[in-house]
Student: 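First the structure, then my questions, so here it is.
In the text below, chain A, chain B and the rest are named by the order of the sequence lines, each starting its count at 1.
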Amino acid sequence: MSESAATPEMPPQYDPAQVEPRWAEAWVERGYFTADPGSDKPAYCIVIPPPNVTGRLHVGHALGRTIEDTLIRRAKMRGFEVLWLPGMDHAGIATQVVVERKLREEGIDRRDLGREAFVERVWQWKEQYGGEIVGQIKRMGASCDWSRERFTMDEGLSKAVRTAFVRLYEAGLIYRGERLVNWCPTDRTGLSDSEVEHDEVEGELVTFSYPLSDGTGSIQVATTRLETMLGDTGIAVHPGDERYAALVGKMVKHPFDGRDIPIVADHHVDKDFGTGAVKVTPAHDQNDFDIAQRTGLPLMNILEADATLNEAVPAEFRGLDRYEARKAVRDRLDELGLLVAEERPYTHAVGHCYRCHSEIEPWIAGLQWFVKVSGLTGPAREAALDGRVRFTPERWQRPYVAWLENLRDWNISRQLWWGHRIPAWYCLDGHVTVSSDDPTACAECGSAGLTQDEDVLDTWFSSQLWPYSTLGWPDETPELAKFYPNAVLVTGYEILYLWVARMIMSGMFLVGDVPFRDVVIHGLVRDQQGRKMSKSLGNVIDPIEMIDRYGADALRFSLARAATGGQQDIPLSEEAIEGGRNFANKLWNAARLVMRDYPGGEPVLPPMERLTPAERWLLSRQEACLTEVDAALDEYRFSDAAQAMYRFVWSEFCDWGLEFEKGRLDGSDEERKDAGQVLGWVLERTLRLMHPIMPFVTEEVWQRFGMGESLSLASWPEALRTHSDNDAEASFAFVQELVTAIRQFRSQHNIPPKQKIEVTVGADDDHRAIVEMLAERVIRMSGLSELKIESGSAVKLEGRTRLMLAGGHADIALAGTLDVEAERQRLEKKLADVLESHARAEKKLANQGFLAKAAADVVGAEREKLARLEAEREQLDAQLAELG
RNA sequence: GGGCGCUUAGCUCAGAGGGAGAGCGCCGCCCUUACAAGGCGGAGGUCGAAGGUUCGAGCCCUUCAGCGCCCACCA
């Protein structure tokens with residue numbers, strides 16, 4: 001078997017491990033994807049969503065990178081000056097936590113180390129262990145311009161961050177204020193609203209009484225966070241609530257420390273919820289904070305940064321964490337007889353940290369910096385509404401717009417050490433100096449002795465600048481001029497608000513244009529059952545493992561094929577990736593066959609008149625495939641594109657095209673040469689077509705054909721209208737039907753492959769002609785001893801049975817060996833089908849409404865169908881009668 | 001409380017108002033000189049439910065049910 005001497009160097013199984021690393025390296029080394037901002041080709045730029053330096057490649061990344069690489073490679077082939085700009089995000093919290101954990105293993109607390117030394121350690125960690133993901137992205141075959149790799153904390157981007165801050169500040173769009181922030185007690189930092197995830201939590205709604213200070217009664221309130229009552233500074237009721245009207249202005253006495261607390265009226269209170277009275281804890285609840293602002297209630301902070309109770313509460317509760325305190329307070333209230341009823345199970349949404357999933361505590365964390373979003377949302381909203389930014393799928397536009405319309409100011413101060421230090425300095429008098437360069441004197445009073453703000457900026461503050469900071473902004477670089485706006489941004493919906501929306505807002509304001517024209521939003525990759533991948537479920541698909549096992553092309557293809565866009569998320573299984581591997585192998589083997597007789601070099605299509613009908617059919621099908629793939633990729637329908645390739649290569653090129661060409665490959669020298677050129681020509685275009693999705697196997701095959709320097713530099717195969725050939729498609733379809741019908745017959749009669757049968761085909765002139773031309777292959781493919789061709793449709797059936805075809809028939813010699821009973825069953829089943837269809841067609845044509853209102857061609861087609869079924873029925877009746 | 005998506009074959013999903021498709025899985029036959037990671041053939045669906053529009057509905061409209069997301073300051 002291995003003596004197929006023509007292809008000694010192409011084993012029958014494609015081995016990606018032998019191929020991929022070689023090409024991945026060569027593409028980068030040869031600088032194919034190094035962008036030239038001075039080029040006069042049109043620009044096509046994508047910036048990679050920068051993964052965290054701490055990150056490892058997961059399937060979500062793999063999906064995004066596959067899509068981006070497909071777009072970039074195709075754009076390059078179509079003549080664009082492409083730039084796919086890679087890089088990483090410093091990822092403030094995530095990275096700080098990783099390094100802190102590592103230090104703790106060494107017995108070091110970051111606070112002992114001090115800020116500077118700690119940050120130094122993080123940098124060291126970054127250099128040593130960070131960026132593993134970059135190598136992993138390279139393994140996927142990503143055609144990034146690695147010479148332009150950036151990091152959100154490199155020098156240029158730090159300059160961009162400061163410039164952005166200063167410009168926003170000077171425009172009055174950044175301010176400092178004391179607000180309640182979303183505090184993560186584990187990470188010990190404030191978070192923006194977008195970094196808080198609301199999850200349903202099973203809690204208890206506890207109702208208890210506050211006694212009125214004047215002893216005339218009590219008022220009941222309910223809460224799920226009972227410990228916060230230690231910081232209550234008021235009770236609120238609705239102003240129109242008659243039940244409580246007389247109490248407004250009175251005081252209640254705090255049961256633990258005897259403080260007098262006023263009852264106030266505020267419209268926020270819902271009369272119909274619970275008792276209609278609300279305890280107010282301004283320092284630990286956003287609503288309560290707002291009520292306090294309106295009614296003048298004081299703030300009472302009862303929590304430390306780690307969410308244990310502070311000095312402000314009675315001694316017995318001090319130092320308890322919030323959950324312990326919740327119990328302790330309940331017990332005390334119970335003792336005092338103030339608990340009103342059994343506590344009720346109650347599910348409610350609680351904010352959690354998007355990094356560590358601790359429950360968020362609303363907390364006063366001192367002065368914080370905020371972005372005043374009202375000055376930014378308008379243009380970002382307009383850009384989406386008027387189509388300067390287009391979302392794919394479109395349905396994401398609405399939530400995006402709605403989000404902008406309801407946006408609250410963005411807290412950008414983070415109480416961390418790893419990140420961009422806020423470029424604000426304070427003098428002893430408390431004046432604020434905001435500057436992009438480190439100032440030496442207070443901008444207001446000129447005094448020296450400035451101290452910089454201790455906090456760093458939200459990671460997303462720097463990532464929002466990514467589409468232009470990476471191109472050199474704020475400097476007016478050639479890169480910025482050429483590649484901004486970017487062509488497209490590819491990302492998952494989970495960071496639509498966190499990242500995408502902010503890039504648009506900041507891009508509009510700082511650069512004056514949208515950051516990208518298209519936003520392609522893909523779903524979350526899930527397992528086959530639609531479950532999120534998680535370590536605990538053990539259903540995580542590790543892309544690197546998959547690449548080891550099946551190759552990067554296989555992974556890429558299966559991801560592209562799975563990304564249907566219709567549904568929200570994307571199910572992926574190892575079997576699907578295996579399918580991708582099989583497909584690469586199929587292509588490989590098709591190439592082996594073509595190459596067996598291929599002389600090498602660029603294929604030249606023989607003149608049309610020398611082509612067989614099968615070849616013209618193949619060319620026509622290829623054009624259909626190209627057209628379909630083009631349309632699909634233009635609209636970011638990656639699954640459809642992948643599907644179209646798969647179908648063409650497997651079901652058309654291999655199953656029919658190659659099978660029919662085998663005859664010619666074994667024929668005369670001229671025939672073999674022509675066939676080789678046709679196959680080479682079709683294959684070469686197919687390789688170019690598939691290259692953006694499966695770059696490795698296509699490049700490898702292309703090279704083995706000696707087509708040129710690199711497929712990466714080849715041009716995109718444009719569809720050739722002249723190759724579309726309806727006649728060839730129609731007549732070849734008859735041959736396909738003939739072959740398939742005979743195969744079915746053989747299978748139904750259990751005729752072994754060795755047993756050859758005799759078939760006589762009757763058809764109209766055109767169909768007879770094509771069968772005649774392709775007879776040799778029809779004989780081989782359907783296992784015939786003899787293929788006779790006759791004109792007309794003489795109903796002479798002695799000793800033969802008939803297969804009805806659209807446009808003809810095939811008679812099979814029974815030769816006494818066939819199972820009569822099996823044949824009767826076959827015919828009866830067929831007859832039943834025909835009768836059912838016949839009845840349906842008859843009914844339709846008897847319907848006056850149908851005749852009157854349906855389009856003429858539809859009615860005509862129905863009539864033809866009826867006539868055909870009529871003929872088939874007669875034929876079947878005759879055959880059954882003959883069987884006796 | 002708003003909003004979005006989904007419901008079609010055993011599984012995962014495509015389906016452009018005129019006879020329900022693919023991949024995987026399953027069954028049968030085949031190691032036929034590109035490929036057993038393969039070839040050939042096959043079974044399998046009252047398209048979530050109920051109404052409506054239409055000559056004609058998986059597709060358009062309404063309602064309902066189930067599943068899943070996102071947003072939201074009812075303690």
Student: With a 4.0 Å cutoff (strictly under), does any side-chain N or O of A:Gln13 reach OP1 or OP2 of B:A37?
Tutor: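 Looking at the OP1 and OP2 atoms of B:A37, one of them is under 4.0 Å from a side-chain N or O of A:Gln13.
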Student: Between B:A43, B:G23, B:C35, which nucleotide gets closest to the side-chain atoms of A:Lys829?
Tutor: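 Among the listed nucleotides, the one closest to the side chain of A:Lys829 is B:A43.
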Student: Is there a donor-acceptor pair under 3.5 Å between the side chain of A:Asn750 and the backbone N or O of A:Arg746?
Tutor: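 A pair under 3.5 Å: no.
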Student: Where the side chain of A:Cys654 is concerned, which of B:A34, B:A14, B:G3 is the nearest nucleotide?
Tutor: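 Nearest to the side-chain atoms of A:Cys654, counting from C-beta on, is B:A34.
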Student: Can you measure A:Asp553 atom CG to B:A37 atom C1' for me and round it to whole angstrom units?
Tutor: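 Roughly 15 Å, once rounded to whole Å.
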Student: A:Gln748 side chain N/O closer than 4.0 Å to the phosphate oxygens (OP1, OP2) of B:G42?
Tutor: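 False: A:Gln748 side-chain N/O out of range (4.0 Å or more) of B:G42 OP1/OP2.
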Student: Should A:Asn582 be listed as having a side-chain N or O under 4.0 Å from OP1 or OP2 of B:G38?
Tutor: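 So the side-chain polar atoms of A:Asn582 do come within 4.0 Å of the phosphate oxygens OP1 or OP2 of B:G38, strictly under.
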Student: For A:Gln848 and B:G56, what is the distance between atoms CD and C1' respectively, to the nearest whole Å?
Tutor: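 Computing the A:Gln848:CD to B:G56:C1' distance gives 15 Å.
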Student: Could you tell me how far B:G58 sits from B:C47 if I compare only their C1' atoms? Round to whole Å.
Tutor: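 5 Å, rounded to whole Å.
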Student: Would you please classify the geometry between the A:Phe660 ring and the A:Trp656 ring as parallel, tilted or perpendicular, with 30° and 60° separating the classes?
Tutor: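 Because their plane-to-plane angle is under 30°, the rings of A:Trp656 and A:Phe660 count as parallel.
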Student: Taking atom C1' in both B:A22 and B:C29, what distance in whole Å separates the two?
Tutor: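 These two C1' atoms come out 23 Å apart once rounded.
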Student: Taking only the P atom of each, what is the distance from B:G56 to B:G19 in whole angstrom?
Tutor: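 Result for the P pair: 14 Å, nearest Å.
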Student: Is any side-chain nitrogen or oxygen of A:Arg225 closer than 4.0 Å to OP1 or OP2 of B:A75?
Tutor: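 For B:A75, OP1/OP2 do not have a side-chain N/O of A:Arg225 under 4.0 Å.
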Student: Check whether the side chain of A:Glu659 and the base of B:A34 form a donor-acceptor pair under 3.5 Å.
Tutor: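 For A:Glu659, whose side chain was compared with the base of B:A34, there is a donor-acceptor pair (under 3.5 Å).
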Student: To the nearest Å, how far apart are A:Arg637 CZ and B:A22 P?
Tutor: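 About 19 Å, once rounded to whole Å.
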Student: What distance, rounded to whole Å, do you find between the two P atoms, one in B:C60 and one in B:A14?
Tutor: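 Taking atom P in both B:C60 and B:A14, they lie 14 Å apart.
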Student: If the test is side chain to side chain donor-acceptor pair (under 3.5 Å), which one of A:Glu227, A:His284, A:Glu361, A:Glu359 qualifies with A:Arg322?
Tutor: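 Only one of A:Glu227, A:His284, A:Glu361, A:Glu359 forms a side chain to side chain donor-acceptor pair (under 3.5 Å) with A:Arg322, namely A:Glu361.
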Student: Rounding to a whole Å, what distance do you find between A:Leu665:CG and B:U33:C1'?
Tutor: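 To the nearest whole Å, that distance equals 13 Å.
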Student: Is any side-chain N or O of A:Arg596 closer than 4.0 Å to OP1 or OP2 of B:A34?
Tutor: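 Yes, such a contact exists.
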Student: For A:His348 and A:Arg780, find the nucleotide of RNA chain B closest to each by heavy atoms; which residue's nucleotide sits nearer the 5' end?
Tutor: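 Final value for this comparison: A:Arg780.
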Student: Could you tell me whether the side chain of A:Val221 reaches within less than 4.5 Å of the side chain of A:Ile235, counting heavy atoms only?
Tutor: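 Heavy-atom side-chain distance check passes, below 4.5 Å.
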Student: When you get a sec, tell me which of B:C55, B:C35, B:G41 is the closest nucleotide to the side chain of A:Ser747?
Tutor: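 The answer is B:G41, which lies nearest to the side chain.
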Student: Rounded off to whole Å, could you give me the CD-to-C1' distance for the A:Gln529 and B:C11 pair?
Tutor: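 Going from CD in A:Gln529 over to C1' in B:C11 covers 9 Å.
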Student: If you look at every strand shown and take non-hydrogen atoms under 4.0 Å, does A:Gln643 touch a base, only sugar-phosphate, or nothing?
Tutor: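 The answer is sugar-phosphate, as A:Gln643 gets under 4.0 Å only of primed atoms, P, OP1 or OP2.
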Student: By nearest heavy atom, map A:Glu575 and A:Leu572 onto RNA chain B; which one lands nearer the 5' end?
Tutor: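 With A:Glu575 and A:Leu572 compared, the 5'-side residue is A:Leu572.
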Student: Could you state the atom-to-atom distance from CH2 of A:Trp588 to P of B:C35 in whole Å?
Tutor: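 From A:Trp588 CH2 to B:C35 P: 13 Å.
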Student: Give one of base, sugar-phosphate or nothing for A:Asn847, where a contact means two heavy atoms less than 4.0 Å apart.
Tutor: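 Contact class for A:Asn847: sugar-phosphate only.
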Student: Could you tell me how far apart A:Asp569 (CG) and B:C13 (C1') are, to the nearest whole angstrom?
Tutor: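 In whole Å, B:C13 C1' and A:Asp569 CG are 13 Å from each other.
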Student: Taking the side chain from A:Arg672 and the backbone from A:Leu665, do they hold a donor-acceptor pair closer than 3.5 Å?
Tutor: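 Such a contact is found between A:Arg672 side chain and A:Leu665 backbone.
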Student: Quick check for you: among B:G41, B:G19, B:A34, whose closest atom lies nearest to any side-chain atom of A:Lys865?
Tutor: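 It is B:G19.
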Student: Does A:His267 have its ring centroid less than 6.0 Å away from the ring centroid of A:His238?
Tutor: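 Yes, the ring centres sit under 6.0 Å apart.
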Student: In whole Å, measure the gap between the C1' atoms of B:G23 and B:U8 for me.
Tutor: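 It comes out at 15 Å once rounded to the nearest Å.
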Student: So which atom in A:Ala552 and which in A:Phe696 form the shortest heavy-atom distance, rounded to 0.1 Å?
Tutor: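 Where A:Ala552 meets A:Phe696 most closely, the heavy atoms are CB-CE1, 3.7 Å.
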Student: Please tell me whether A:Ser837 and A:Lys865 have a donor and an acceptor in their side chains that are separated by less than 3.5 angstrom.
Tutor: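 No, no side-chain donor-acceptor contact under 3.5 Å.
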Student: I want to verify a distance call: between B:C30, B:C13, B:A75, whose nearest atom is closest to the A:Pro753 side chain?
Tutor: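 Minimum distance to the A:Pro753 side chain belongs to B:C30.
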Student: Could you tell me how far B:U62 sits from B:G28 if I compare only their C1' atoms? Round to whole Å.
Tutor: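 My reading of the C1' atoms in B:G28 and B:U62 gives 48 Å.
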Student: Between B:G38, B:A75, B:G19, which nucleotide has the shortest distance from any of its atoms to the side chain of A:Lys844?
Tutor: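 It is B:G19.
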Student: Can you identify which nucleotide, out of B:A75, B:A37, B:C24, has its nearest atom closest to the A:His268 side chain?
Tutor: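 Of B:A75, B:A37, B:C24, B:A75 is nearest to the side chain of A:His268.
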Student: What nucleotide among B:A34, B:A75, B:C35 has an atom nearest to a side-chain atom of A:Lys662?
Tutor: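 Closest of the options to the side chain of A:Lys662: B:A34.
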Student: Considering the options A:Trp403, A:Phe391, A:Tyr493, A:Tyr497, which one meets the ring pair (Phe, Tyr, Trp, His ring centres under 6.0 Å) requirement together with A:Trp396?
Tutor: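 Testing A:Trp396 for a ring pair (Phe, Tyr, Trp, His ring centres under 6.0 Å) against A:Trp403, A:Phe391, A:Tyr493, A:Tyr497 leaves exactly one candidate, A:Tyr493.
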Student: Please classify the nucleic acid contact of A:Ser837 as base, sugar-phosphate, or nothing, using heavy-atom distances under 4.0 Å.
Tutor: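 Base, at least one base atom sits under 4.0 Å.
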Student: Quick one: is B:A75 close enough that its OP1 or OP2 comes under 4.0 Å of any side-chain N or O from A:Thr224?
Tutor: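 The answer is no; no side-chain N or O of A:Thr224 sits under 4.0 Å from OP1 or OP2.
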Student: If you look at every strand shown and take non-hydrogen atoms under 4.0 Å, does A:Thr740 touch a base, only sugar-phosphate, or nothing?
Tutor: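 Sugar-phosphate only.
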Student: Side chain of A:Arg743 only, please: which of B:A14, B:U54, B:G41 is the nearest?
Tutor: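 Within the option list, the nearest is B:G41.
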Student: What interatomic distance, in whole Å, is found between P of B:G17 and the corresponding atom of B:G2?
Tutor: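 Each nucleotide's P atom is 32 Å from the other's.
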Student: Counting side-chain heavy atoms from CB outward, which of B:C4, B:C35, B:A72 is closest to A:His198?
Tutor: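 Per side-chain heavy atoms of A:His198, the pick is B:A72.
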Student: Does B:G68 have a Watson-Crick or wobble mate here (both distances under 3.5 Å), and if so which one?
Tutor: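 Paired with B:C4.
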Student: Looking at A:Lys586, I'd like to know whether one of its side-chain N or O atoms comes within less than 4.0 Å of OP1 or OP2 on B:G39.
Tutor: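 So the side-chain polar atoms of A:Lys586 do come within 4.0 Å of the phosphate oxygens OP1 or OP2 of B:G39, strictly under.
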Student: Return the value, rounded to whole Å, for the distance between atom CZ of A:Arg326 and atom C1' of B:A75.
Tutor: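 So the two atoms are 13 Å apart, to the nearest Å.
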Student: With rounding to whole Å, what would you report as the distance between B:G52 and B:C11 at their C1' atoms?
Tutor: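 Looking at atom C1' only, B:G52 and B:C11 are 34 Å apart.
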Student: Enter syn or anti for the glycosidic conformation of B:A20, syn applying to angles within 90° of 0.
Tutor: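 Because its glycosidic torsion lies more than 90° from 0, B:A20 adopts the anti conformation.
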Student: What nucleic acid atoms does A:Gln220 come within less than 4.0 Å of, heavy atoms only: base, sugar-phosphate, or nothing?
Tutor: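 Nothing: the residue A:Gln220, judged by heavy atoms under 4.0 Å, touches no strand.
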